[in-house]
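Start at 1 and go down the list; that is how both ligands and their atoms are numbered.
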Amino acid sequence: MDYLPIFMNVKGRPCLVVGGGDVAFRKASVLVDAGATVKAVAPEFSTAFTGQQSIERIVERFRPGHLEGAILVIAATDDGAVNREVSRLARENNIPVNVVDNPDLCTFIMPSILDRSPLMVAFSSGGASPVLARMLRGKLETMIPQGYSRLTAFCARLREPSKAHIADPARRRIFWENVLEGPIAEKVLAGDEAGAEAMLLDRLGSGKPEQTGEVYLVGAGPGDPDLLTFRALRLMQKADVVLYDNLVSKPIVDMARRDAARIFVGKQRDNHTLPQEEINALLVSLAKQGKRVLRLKGGDPFIFGRGGEEIETLAAQGIPFQVVPGITAASGVASYAGIPLTHRDYAQACVFVTGHLKDGSMNLDWGALARPRQTIVFYMGLHGLETLCAKLIEHGLPGSTPAAIVQQGTTQSQRVIKGSLATLPGIAKIEKPQAPTLIIVGGVVSLSEKLAWFHPNKSAEMAS
Ligand code: SAH
């Protein structure tokens, strides 16, 4: 170890920053965040300091007297002689000193920090590569969600009750491991602290070990794995069983915990591998076995995803669950196709509609859909394409209204097939787009001409 890592309590203690530029300001702000009483000394200060009342500014050149009483000092001037002088004097007086970007003059160095107070993670490369330390912090940012602040505070609050109930430290450790790995912690992270506390106290009272499983209903986004949310990824890494259907791309299923069991529950058009009721029942029975069940759904679970039906059963059976939103196809696909859904020159509203045929027909409020300055996004609409284009024209939209089919949006197989309400059905017959496809209708579609930026396979894309 080149340095001793410690966390120092500076609350209400005097700290000195020498320097008045932006770097000095950043250092002073960290000290303020940690509760220190901060003085900054410099002949002049950058504007960054102006709004910050908690830093006392001393508009003077540095002199030894400024160090008086300080328990810590940071030098961040662009004058090497001043920095050396600060370092020398501080060391003579046994005051910990840091000189920015000059490890030789430091008696302590500042780590890169991940702040989930009261939880703090500090990274240091011992001065060898601050960039590397920052990059590692970035990686951990995704794994330690903001909610860990609340989780840590929750643990602090319930430490005493847990000690009162479980005297044996070893048993208490196991208890807390179960809490932090199971539904109680998930409840806190999902924002239900009262529910989590009730569950924890109940478990303390009953002395029963962890038994209940839980279900995560997670939106996996439209296809590109990069569009997963942090929370989706974290729960995917935690699950014991994964239930997925064919809208979830393989690279995404592969990102679930390696030893998690994977169950394909199907859903191809007209070929439901498992009927919805059986999926609902399976979620319940797996959770009752104590498993952490991940139900992965394409896009967002609450947008044409039947997510509501799946959790109704769970709620009825008292099984803990949480729902993680995903980027719905309309949003993801439109972005990747360069179609701003509500560009204000063309649209003031955007509607998401299911174009799923029931008994060969589409029972939609065509009058409400065929409005000017409105973008319409059809999910599951390809089989009814001809009907929907004809109906929109019949109800008043011009045949020249731009319309597009986006195939497998956001993936390497994305194709954007463009036409108008009058021409698109004919074009689709020739182009034969592959599922899943989204149909977008409205003036905004014409913008993709200049705004398309994602070109997975140039030869596959066609414009007409
Ligand atoms: N819950 C999902 C939608 C499920 S309905 C969501 O929020 O996106 C299934 C329909 O979504 C498909 O028929 C298709 O219309 C659309 N869809 C899903 N992913 C798509 C993609 N990558 N590209 C184009 N359309 C997609």
Closest protein heavy atom to [atom], given as residue, atom name and distance to 0.1 Å:
{"atom": "atom 9 (C) of ligand 1", "value": "Leu247 CD1, 3.6 Å"}
{"atom": "atom 2 (C) of ligand 1", "value": "Gly298 O, 3.2 Å"}
{"atom": "atom 5 (S) of ligand 1", "value": "Phe304 O, 3.4 Å"}
{"atom": "atom 24 (C) of ligand 1", "value": "Pro436 O, 3.4 Å"}
{"atom": "atom 11 (O) of ligand 1", "value": "Tyr379 CD2, 3.4 Å"}
{"atom": "atom 22 (N) of ligand 1", "value": "Pro222 O, 2.8 Å"}
{"atom": "atom 15 (O) of ligand 1", "value": "Thr437 O, 2.6 Å"}

Checklist line | Backbone or side-chain N or O of Ile303 under 3.5 Å from ligand 1 N or O | finding: yes
Check: Is the closest N or O pair between Met380 and ligand 1 shorter than 3.5 Å?
Finding: yes
Looking at [X] and [Y], what are the two nearest heavy atoms and their distance?
{"X": "Pro222", "Y": "Gly332", "value": "CG-CA, 4.0 Å"}
{"X": "Pro402", "Y": "Val445", "value": "CB-CB, 3.8 Å"}
{"X": "Pro145", "Y": "Met143", "value": "CD-O, 3.2 Å"}

Next item on the list: Could you establish whether Lys297 and ligand 1 come within less than 4.0 Å of each other, counting only heavy atoms on the residue side?
Entry: no
Report, in ascending order of atom number, the atoms of ligand 1 lying under 4.0 Å from any heavy atom of [X].
{"X": "Leu438", "result": "15 (O), 16 (C), 24 (C), 25 (N)"}
{"X": "Gln408", "result": "22 (N), 23 (N)"}
{"X": "Ala329", "result": "6 (C), 7 (O), 8 (O), 16 (C), 17 (N), 18 (C), 19 (N), 20 (C), 26 (C)"}
{"X": "Val406", "result": "24 (C)"}
{"X": "Thr328", "result": "6 (C), 7 (O), 8 (O)"}
{"X": "Val333", "result": "21 (C), 23 (N), 24 (C)"}

Check: With a 4.0 Å heavy-atom cut-off (strictly under), which part of Thr410 contacts ligand 1: side chain, backbone, both or neither?
Finding: neither
Next item on the list: Using a 4.0 Å heavy-atom threshold (strictly under), name the region of Gln414 that reaches ligand 1: side chain, backbone, both or neither.
Entry: neither
Note to self: Can a side-chain donor-acceptor contact be found between Thr47 and Thr50 if the only test is distance below 3.5 angstrom?
What the structure shows: no
Margin query: If we count only N and O atoms by modelled type, under 3.5 Å, do the side chains of Lys288 and Gln317 hold a donor and an acceptor together?
Written below: yes
Margin query: Out of Ala330, Gly326, Ala220, Gly409, who is nearest to atom 23 (N) of ligand 1 when you count heavy atoms only?
Written below: Gly409
Is [X] reaching over with its side chain to a backbone N or O of [Y], donor-acceptor style, under 3.5 angstrom?
{"X": "Gln52", "Y": "Ser54", "value": "yes"}
{"X": "Arg295", "Y": "Val215", "value": "no"}
{"X": "Ser149", "Y": "Ser117", "value": "yes"}
{"X": "Glu181", "Y": "Glu177", "value": "no"}

Check: So do Tyr216 and Lys238 actually touch side chain to side chain, heavy atoms under 4.5 Å?
Finding: yes
Check: Below 4.0 angstrom, N of the basic side chain to O of the carboxylate: do Lys297 and Glu310 qualify?
Finding: yes
Margin query: Looking at Glu386, I want to see if its CD is surrounded by more than 12 non-hydrogen atoms of other residues, nucleotides or ligands under 6.0 Å.
Written below: no
